[in-house]
Amino acid sequence: MASQGMHLILLIFFNHLIFLLSQQEGDGFIYNGFDQAQADLHLDGDAKILLPDGLLQLTNASMQQMGHAFFKKPFQFDSSEKKLSFSTHFVCALVPKPGVDGGHGIAFVVSSSMDFTQADPTQYLGLFNISTNGSPSAQILAVELDTVQSAEFDDIDKDHVGIDINSLKSIESASASYYSDTKGKNQSINLLNGEPLQVWVDYEGTLLNVTVAPLRIKKPNHPLLSRSINLTEIFPDQKLFFGFSAATGSLVSYQYILGWSFSRSKVLLQRLDLSKLPHIPHPRAKREQTSLLLITLFVLLAVMVLAGLGGVYLYRRKKYAEVREAWEKDYGPHRFCYKSLYRATKGFDRDGRLGKGGFGEVYKGNLPRIGDIAVKRVCHDAKQGMKQFVAEVVTMGSIKHKNLVPLLGYCRRKGELLLVSEYMSNGSLDRYLFHREKPPLPWSKRLAVLKDIASALNYLHTGASQVVLHRDIKASNVMLDSEFNGRLGDFGMARFEDCGDSVPVTAAVGTMGYMAPELTTMGTSTRTDVYGFGAFILEVVCGRRPLDPKIPAEKRHLVKWVCDCWRSDSLFDAIDAKLGGEYSEEEVEMVMKLGLLCTNVVAESRPSMEQVVQYINNNLPLPNFSPDSPGIGVYTPVLLETAFTSRSSLASPHNSMFVTHTITYGDGR
Ligand SMILES: *[C@@H]1O[C@H](CO)[C@@H](O)[C@H](O)[C@H]1NC(C)=O
Ligand SMILES: *[C@@H]1O[C@H](CO)[C@@H](O)[C@H](O)[C@H]1NC(C)=O
Ligand SMILES: *[C@@H]1O[C@H](CO)[C@@H](O)[C@H](O)[C@H]1NC(C)=O
Ligand SMILES: *[C@@H]1O[C@H](CO)[C@@H](O)[C@H](O)[C@H]1NC(C)=O
Ligand SMILES: *[C@@H]1O[C@H](CO)[C@@H](O)[C@H](O)[C@H]1NC(C)=O
Ligand SMILES: CC(=O)N[C@H]1CO[C@H](CO)[C@@H](O)[C@@H]1O
């Protein structure tokens with residue numbers, strides 16, 4: 001008995017198993033995308049499968065379209081009603097064309113036939129035509145996702161789900177929504193939002209349930225529509241085709257099916273793999289396209305503006321670039337930034353140019369808080385010597401004397417040095433001596449300037465903590481301030497000599513005619529400055545340069561000529577004719593003799609600046625000497641030749657930056 005019972009149980013079990021297997025094979029299908037489904041599906045109208053993704057497109061947003069897709073094999077039901085059941089789950093999407101109201105809709109269709117060629121698009125959704133609509137012979141059950149409100153079919157709104165039996169007048173409909181289990185309330189859905197939408201249609205025991213939900217939502221517990229339907233009544237043939245229909249009218253949209261699972265049994269319905277579903281192409285709006293274009297243009301413009309600004313920045317950086325080294329930190333307060341000098345001189349404007357010479361150019365400028373300035377641009381190539389030079393410049397700035405042009409600071413650039421000093425409103429002395437533009441200078445003013453410069457030079461030699469040599473005393477380096485005081489300027493040549501350090505700087509710097517003969521051999525000293533001052537005295541009194549190649553040979557060398565005049569008792573012949581004879585003979589004679597005394601070729605025979613100051617101020621009588629005294633009125637061209645020929649060899653690292661412009665005729669203008 002027991003074995004018989006066991007046998008029966010096994011039999012039932014196997015029967016059931018076989019039933020299950022057959023159901024799985026023949027009574028259901030699943031498409032996670034339709035790339036492999038071409039053979040199984042009957043497509044007509046505008047329906048097509050977009051490869052490679054396998055997106056089933058029913059309409060492509062053109063007007064008056066219809067698209068149908070049916071599973072080719074019909075499902076046969078036997079008359080025993082209990083078995084008439086099915087379950088389906090699909091994902092669709094209705095994507096509006098940008099800027100256009102979307103239409104019309106998609107329907108899940110159960111039909112006795114796949115032939116919909118006589119159906120109409122638009123509100124008929126590709127299912128009926130005007131004569132078949134409402135006719136029981138149509139044998140159609142549809143679940144519509146309708147996005148247009150058609151008054152003739154009593155549509156409730158333009159965003160509803162309905163159950164249609166042989167007619168587009170839905171027997172049951174509801175606004176698209178789903179019951180959110182988590183929120184405990186209905187959430188409305190916009191069918192035309194372009195996002196994938198899940199739809200479940202379940203039929204079992206005469207009850208048809210329709211449920212919708214957005215893609216990532218689990219199937220809601222409560223169906224949107226639930227309606228009792230007698231399918232045997234609708235489909236007397238008991239042969240059913242399952243599929244989709246979609247249509248457009250003058251309102252259009254892209255209508256897609258992304259995936260579809262179907263089974264005759266709810267429990268055996270296979271789950272769609274949402275991750276495998278094809279992507280929906282989202283058409284871009286024209287407005288979006290234009291705004292995209294605008295954005296692109298704007299970005300391009302911004303990039304161009306930025307590039308332009310960057311270029312300007314780089315250009316300005318290069319334009320205002322300076323050379324700055326660590327050792328300069330100490331000289332910070334004396335350092336000017338190039339930009340401020342550039343602005344002060346209005347970009348080194350030609351109109352503000354005060355002078356030009358071998359050394360570079362001088363420009364007038366104005367700095368806020370400081371006032372008028374003169375900026376001298378000196379070309380330099382040498383790196384060596386720069387440190388010492390800057391140190392000198394800075395120290396010069398701290399040397400104050402009423403007859404010195406105050407040096408305010410400097411700025412360094414590549415290949416260029418800028419020296420900033422106070423602006424002297426009456427210009428340089430040589431203009432009054434040699435240029436017609438200014439009135440000739442009366443004797444009293446000439447003498448006053450000579451006294452001023454003697455005082456300044458004496459201060460440099462003795463007054464400061466260091467001995468400062470000027471090295472380039474000449475009329476063009478003597479400036480006149482607003483009160484017409486003489487001021488010694490242009491320390492471009494000036495060098496220091498430590499009091500204790502006796503090592504002479506063996507270099508010839510200065511201007512020919514003002515340079516002491518021993519300069520090339522012995523180097524500079526306070527005595528070479530005295531020689532320069534002597535030449536300067538004669539320059540001022542005689543109104544001509546110490547060495548003038550345009551003058552006949554016998555008069556060319558001023559020192560020698562003055563001495564010759566003195567020897568022939570006609571000292572006053574050498575005096576500047578522009579004075580018009582208006583001078584004190586006594587003073588002129590003293591000053592000229594002092595000039596000769598200072599230009600003695602023997603350095604040791606020259607007076608010191610201290611003595612010179614006393615002589616020129618008549619505090620001390622000149623020593624007795626004659627035109628034939630040793631070293632007086634001697635001109636030694638050989639040594640100057642040496643200065644010329646050995647010019648390049650003079651370029652010691654110490655002063656190489658000066659050499660290129662040191663030996664010049666006249667004042668270099
Ligand atoms: C839409 O499909 C029809 C045929 O199905 C075709 O003629 C038309 O060019 C398509 N339109 C677009 C925009 O792809
Ligand atoms: C409607 O469709 C049926 C077949 O489905 C066809 O016989 C009939 O002619 C069509 N009527 C119109 C008006 O298209
Ligand atoms: C949700 O919608 C269904 C179907 O339209 C309706 O029967 C039900 O009462 C609604 N529930 C709530 C909480 O609004
Ligand atoms: C239809 O929904 C109701 C509840 O609303 C449920 O009791 C019934 O089992 C569902 N039927 C199917 C086939 O899902
Ligand atoms: C369904 O319709 C068939 C044929 O009209 C009928 O035999 C059957 O009794 C109906 N079933 C129900 C539950 O109404
Ligand atoms: C002679 C001469 O030009 N003197 C001028 C010097 O500068 C002052 C101020 O700038 C002028 O007033 C003088 O005329």
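All heavy atoms count here, side chains included; hydrogens, waters and symmetry mates do not. Whatever order the structure lists them in is the order used to number ligands and atoms, beginning at 1.
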Q) Any chance NZ of Lys239 has more than 12 other-residue heavy atoms, nucleotides or ligands included, within less than 6.0 Å? A)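 For Lys239, atom NZ is not crowded (no more than 12 foreign heavy atoms under 6.0 Å).
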Q | More than 12 heavy atoms from other groups under 6.0 Å of NZ on Lys276 | A |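 Atom NZ in Lys276 is not crowded, with 12 or fewer foreign heavy atoms closer than 6.0 Å.
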Q | Identity of the nearest option to atom 10 (C) of ligand 2, non-hydrogen atoms only, from Asn129, Asp120, Asp115 | A |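 Minimum heavy-atom distance to atom 10 (C) of ligand 2 goes to Asn129.
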Q) Between Asn129 and Thr132, is any side-chain donor less than 3.5 angstrom from a side-chain acceptor? A)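 Judged by distance alone, the side chains do pair up.
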Q | Close-contact set for ligand 6 against Ser482 heavy atoms, below 4.0 Å | A |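 Near Ser482, meaning under 4.0 Å from one of its heavy atoms, ligand 6 has 6 (C), 7 (O), 8 (C), 9 (C).
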Q. Which atoms from ligand 6 have a heavy atom of Ser425 less than 4.0 Å away?
A.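 Listed by number with element, the hits are 7 (O), 9 (C), 10 (O).
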Q: Could you tell me if the ring centre of Tyr363 sits under 6.0 Å from that of Phe348?
A: yes
Q) Do Phe70 and Phe244 have their ring centres less than 6.0 Å from each other? A) no
Q. Does Glu204, backbone or side chain, put an N or O under 3.5 Å from an N or O of ligand 4?
A.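 N/O-N/O distance under 3.5 Å: no.
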Q: Among all protein heavy atoms, pick out the one at the shortest distance from atom 14 (O) of ligand 6; state its residue, atom name and that distance to 0.1 Å.
A: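 Sorting protein heavy atoms by distance from atom 14 (O) of ligand 6 puts Asn426 OD1, 4.8 Å first.
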Q. In the protein, which heavy atom is nearest to atom 9 (O) of ligand 4, and how far is it?
A. Asn209 ND2, 4.7 Å
Q: Report yes or no: does Lys266 have a heavy atom closer than 4.0 Å to ligand 4?
A: yes
Q: With heavy atoms under 4.0 Å as the rule, classify the contact between Tyr432 and ligand 6 as side chain, backbone, both or neither.
A: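 The side chain, only.
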Below 4.0 angstrom, counting only protein heavy atoms, does anything approach [atom]?
| atom | value |
| --- | --- |
| atom 14 (O) of ligand 4 | yes |
| atom 7 (O) of ligand 6 | yes |
| atom 4 (N) of ligand 6 | yes |
| atom 5 (O) of ligand 2 | yes |

Q | Proximal ligand 2 atoms for Thr132, defined as those under 4.0 Å from one of its heavy atoms | A | 1 (C), 2 (O), 3 (C), 5 (O)
**Q.** Polar contact flag for Asp481 and ligand 6 (N/O pairs, less than 3.5 Å)
**A.** no
Q: Check step by step if side-chain hydrogen bond (donor to acceptor under 3.5 Å, both in side chains) holds for Gln255 and Gln57.
A: CA-CA 6 Å; Gln255 298 175 111; Gln57 176 182 271; over 6 Å; no
Q: Can you see which heavy atom on Lys72 is nearest to which on Leu41, and at what distance?
A: CE-O, 3.4 Å
